[in-house]
Amino acid sequence: MNLSSLSFIIPSALSLQPSAYFFKTMSAAPVANSEIARLFNEAAILLELSNENVFRVRAYQKAAMIIESLTVNAAELDSEKLTDIPGIGKGVAAHIGEITKNGTFRDLEVLRSKFPPGLMEILKVQGIGAKRARHLYEELGVDSLDKLKALALKGKIRALEGFGAKVEENILAGVQSLKAASPARMLYWPARRLALSLLERLRALGAEKAAYAGSLRRGRETVGDLDLLCAGRPDGTLTAGFSKLPEAAKILSVGPTKAAIILASGIQCDLRVVPPEVYGAALNYFTGSKEHNIVLRELALKKGLTLNEYGLFRLEDKERKRPVAARTEEEIYSALGLEYIAPELREGRGEVELALTGRLPKLVELKDIKGDAHTHTDISDGKDSMSGMLEAARSLGYEWVFLGDHSKSLGVVHGINFKEYLSSRADLLEAAKNFPGLKAGRSIEMEIDKTGRLEFSDGEIKEVDLVVASVHSSMRLGEEEMTARVLSAMANPYMDALAHPSGRQLNKREPYKLNYAAVFKAARHCGTALEINGQPERQDLTDVTARMAKEAGLKLLLSSDAHSAAQLSYMEQAVIVARRAGLTKDDVLNCLSFEDFCRWIRERRARAFKKF
DNA sequence: GCCGTTTTCGGCCCGACTGTTTTCAGTCG
Ligand SMILES: Nc1nc2c(ncn2[C@H]2C[C@H](O)[C@@H](COP(=O)(O)OP(=O)(O)OP(=O)(O)O)O2)c(=O)[nH]1
Ligand SMILES: [Mg+2]
Ligand SMILES: [Mg+2]
Ligand SMILES: [Zn+2]
């Protein structure tokens, strides 16, 4: 749609039928970046099966990664803009052009015709890569998991060259656990709990130091496995002890420096053991990402150095005996001429380039957070009383907290009306007297109804200390309608923030269809903040969409959306998302003092009111 | 397939574990 017409659309949306207008002006949604990325990943797999050049395969994988985390729609960029992106050249740009038109590209279709779709499943089996999958298909006609299993049971696989009895056995076990395990990635929050308990186990086994690494340390929203690092003698005792833990349902491999197991829950856990004097180098390697590691290693080579998990070495030091840096991550980055790069930014998306010239953002930290603005009490669907919530907020060291509840509406069971709002606010102010030093406000999580109206009338809503609005009903609207609905809501000058804008619940519910560019543009116009909701299955906005919001000039409101006192700690989850989005203190409203935050609310309402 | 200003050709990160096989390919991190 034409974004420049927005300031014109929103006021009209207040009084008129916004959706009718949008149907006329908005064009069909472009192919999503995630879809383009999926196609390139598929092409990479098929190229690998075709025994293509590994670097060509990597180029496709890299392109997929890049497009996935783009803050603009790749489908809306022309070929020149696309090739400006490092890692995307003429070939990939042309494919994107085709995808935009046809939903696929010719080269991919040719590749697809060469292999049965069932081979994709085979490749997920632990220990089967492209080479073995291809042999199994060409020599035994394996094109499904069931066929693979049947042949393994009959002992047909061991007969193939390069395969043997042991490989056959492993394949059989791999098929079993693939069928048993749930395919979903684990959420960050429970994954961290699990990792911390395993780290305790490793310390008990004699590890001098132990930390989680991998995607968990980078704070990705979900993790594919747990990657644990230990400092200790790599003599095999730690890895052996690890493989014999009661948590280990299956052992994948055990050597002196690394081991891999499958936990009872089906999730894999990798352990790496290195001597304490190279702990930093190993932590750097094991934290990744793979793409970040490659960029660092390429940079090292340009400087006549080489980097691995044992340290940074001069190329002349053939024995790799005397590292230039190895003890700490800080020393590694410094020796490469880089600012220290926070794990959350290590995705190989230009962070090294920024670090070279000292342009990394100074990321917001949990200790910068002065308060929480989206919570629930037992008055609506929360578990704890106002006093309980205040107590927890105080123990977190907050300067302020807004205790909220849902507005009464169809989708919400125990929502409150305006009268109840007023009386409960009086109760809150009374309760807050027992918590000197903690400032409290009463907020409402206001339902945005199907037509984009907020639940409270204009006369009522202006009395509410803080209005955080969101969608909990009619979630399956089309993109145009949903976008129009949210824009209409934002045209209400008392809507201070849009909560969990996508409505997604990881592994449960897909995000609403929403035109983010339009929503962010309108939010900028209305001075509406966007929430980063810290509920572990929401994380909404996400790292990518929160980055888009910042680029659109918006302020972000972090929240725990706590439904109990203990859940106030989900603020930390929101901070991690914010850090991955590259947000600084200045981007985050929670870093304001109570006084400044209240002024922000007053002033944004006054400005918005003048516009309409 | 992408990239580069010493290169438009010839590189492209680097290492551990397993199994099958007499020297290493395949898979994975
Ligand atoms: N240098 C290098 N490091 C790698 C490579 N593959 C993995 N690593 C490092 C960086 C990764 O973050 C780390 C852990 O590997 P994982 O496969 O578990 O990936 P990661 O944890 O990043 O993502 P995940 O959520 O597990 O899918 O090992 C590689 O090919 N080269
Ligand atoms: Mg991992
Ligand atoms: Mg791993
Ligand atoms: Zn909600």
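Lettering follows sequence order; numbering is per chain, from 1. In this text the structure is predicted, and so the values were computed from the model without any measurement.
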Using a cut-off of strictly less than 4.0 Å, decide whether A/Ser253 has a side-chain nitrogen or oxygen near OP1 or OP2 of B/dA16. no

Nearest-Å distance once atom C1' is located in both B/dT20 and B/dG26: 11 Å

Within 45 degrees of the ring normal and closer than 6.0 Å to the centroid, is that where the cationic atom of A/Arg192 sits relative to A/Trp189? yes

Distance between C1' atoms of B/dC2 and B/dT21 (Å, rounded): 37 Å

Just checking, any donor-acceptor pair under 3.5 angstrom between side chains of A/Glu339 and A/Tyr333? no

Take atom CD1 of A/Ile67 and atom P of B/dG1, then tell me their distance rounded to the nearest Å. 14 Å

Nucleotide B/dG26, atom P - distance to CD1 of A/Ile128 in whole Å: 14 Å

Check whether any side-chain N or O of A/Gln268 sits under 4.0 Å from OP1 or OP2 of B/dG29, and answer yes or no. yes

For the C1' atoms, the ones on B/dG10 and on B/dG29, what distance do you get once it is rounded to whole angstrom? 28 Å

Syn/anti state for B/dT22 [syn: chi within 90° of 0]: anti

Against the side chain of A/Asn53, the closest entry in B/dC14, B/dG1, B/dT20 is B/dG1

If you look at every heavy atom in A/Ala74 and A/Leu82, which pair is closest and at what distance? O-CD2, 4.0 Å

So if I take every side-chain heavy atom of A/Asp227 and compare against B/dC14, B/dT27, B/dG29, which nucleotide ends up nearest? B/dG29

Short side-chain N/O contact to B/dG15 OP1/OP2 from A/Thr257, under 4.0 Å: no

Could you tell me the separation between the CD atom of A/Glu309 and the C1' atom of B/dA16, rounded to a whole number of Å? 8 Å

Work out how far the C1' atom of B/dT5 is from that of B/dT22, and round it to whole angstrom. 49 Å

Any base atoms under 4.0 Å from A/Val274, or only sugar-phosphate, or nothing? Heavy atoms, all strands. nothing

Rounded to whole angstrom, note down the C1' distance from B/dT8 over to B/dC3. 10 Å

Nearest to the side chain of A/Arg297, heavy atoms from C-beta on, is which of B/dC17, B/dC14, B/dC12? B/dC14

Is it true that, when you exclude A/Glu365 itself, more than 12 heavy atoms of the residues, nucleotides or ligands shown sit nearer than 6.0 Å to its CD? yes

5'-most by nearest nucleotide on DNA chain B - A/Leu315 or A/Gly89: A/Gly89

So A/Ala300, base contact, sugar-phosphate only, or nothing? Heavy-atom distance under 4.0 Å. nothing

Given atom CG of A/Leu296 and atom C1' of B/dC12, what is their separation to the nearest angstrom? 16 Å

Is any side-chain N or O of A/Tyr285 under 3.5 Å from a base N or O of B/dG29, one able to act as donor and the other as acceptor? yes

Pair A/Glu291 + A/Lys62: basic N to acidic O under 4.0 Å: no

Select one nucleotide: of B/dC28, B/dG19, B/dC12, the one nearest the side-chain heavy atoms of A/Gln126. B/dC28

Whole-Å distance, A/Lys258 NZ to B/dT27 C1', equals 9 Å

Which part of the nucleic acid, if any, lies within reach of A/Val295 when heavy atoms closer than 4.0 Å are counted: base, sugar-phosphate only, or nothing? nothing

Using a heavy-atom cut-off of under 4.0 Å over every strand shown, decide if A/Ala260 touches base, sugar-phosphate, or nothing. nothing

Which nucleotide sits closest to the side chain of A/Asn170: B/dC13, B/dG19, B/dT27? B/dG19

Would you sort out whether A/Leu541 and A/Tyr516 count as a side chain to side chain contact (heavy atoms under 4.5 Å, CB included), showing the intermediate values? CA-CA 11 Å; A/Leu541 298 175; A/Tyr516 284 99; 4.2 Å; yes

So, does A/Arg58 get its side chain near the phosphate of B/dC13, meaning an N or O under 4.0 Å from OP1 or OP2? yes

For the C1' atoms, the ones on B/dG11 and on B/dT6, what distance do you get once it is rounded to whole angstrom? 15 Å

Anything under 30° is parallel, anything over 60° is perpendicular, the rest tilted; go ahead and classify A/His95 against A/Tyr60. parallel

Quick one: is B/dG1 close enough that its OP1 or OP2 comes under 4.0 Å of any side-chain N or O from A/Arg56? yes

Would you say the side-chain atoms of A/Ser215 and A/Arg220 include a donor-acceptor pair closer than 3.5 Å? no

Nearest whole angstrom, please: distance from the C1' of B/dC17 to the NZ of A/Lys166. 13 Å

A/Lys62 has an atom NZ; how far is it from atom P of B/dC13, in whole Å? 9 Å

Separation between the P atoms of B/dG15 and B/dT7, rounded to whole Å: 29 Å

Closest approach to the side chain of A/Pro86, judged atom by atom: which nucleotide of B/dG29, B/dC12, B/dC3 is it? B/dC3

Applying a 3.5 Å limit to both distances, which nucleotide forms a Watson-Crick or G-U wobble pair with B/dT8? none

Measuring to OP1 and OP2 of B/dC13, would you say a side-chain N or O of A/Asn308 lies under 4.0 angstrom away? no

Starting at atom CG of A/Leu312, determine the distance to atom C1' of B/dG15, rounded to an integer number of angstrom. 16 Å

Heavy-atom nearest nucleotide on DNA chain B taken for A/Glu168 and for A/Val92; more 5' hit belongs to A/Val92

Regarding the side chain of A/Val167, the nearest nucleotide among B/dT20, B/dG26, B/dG1 is B/dT20

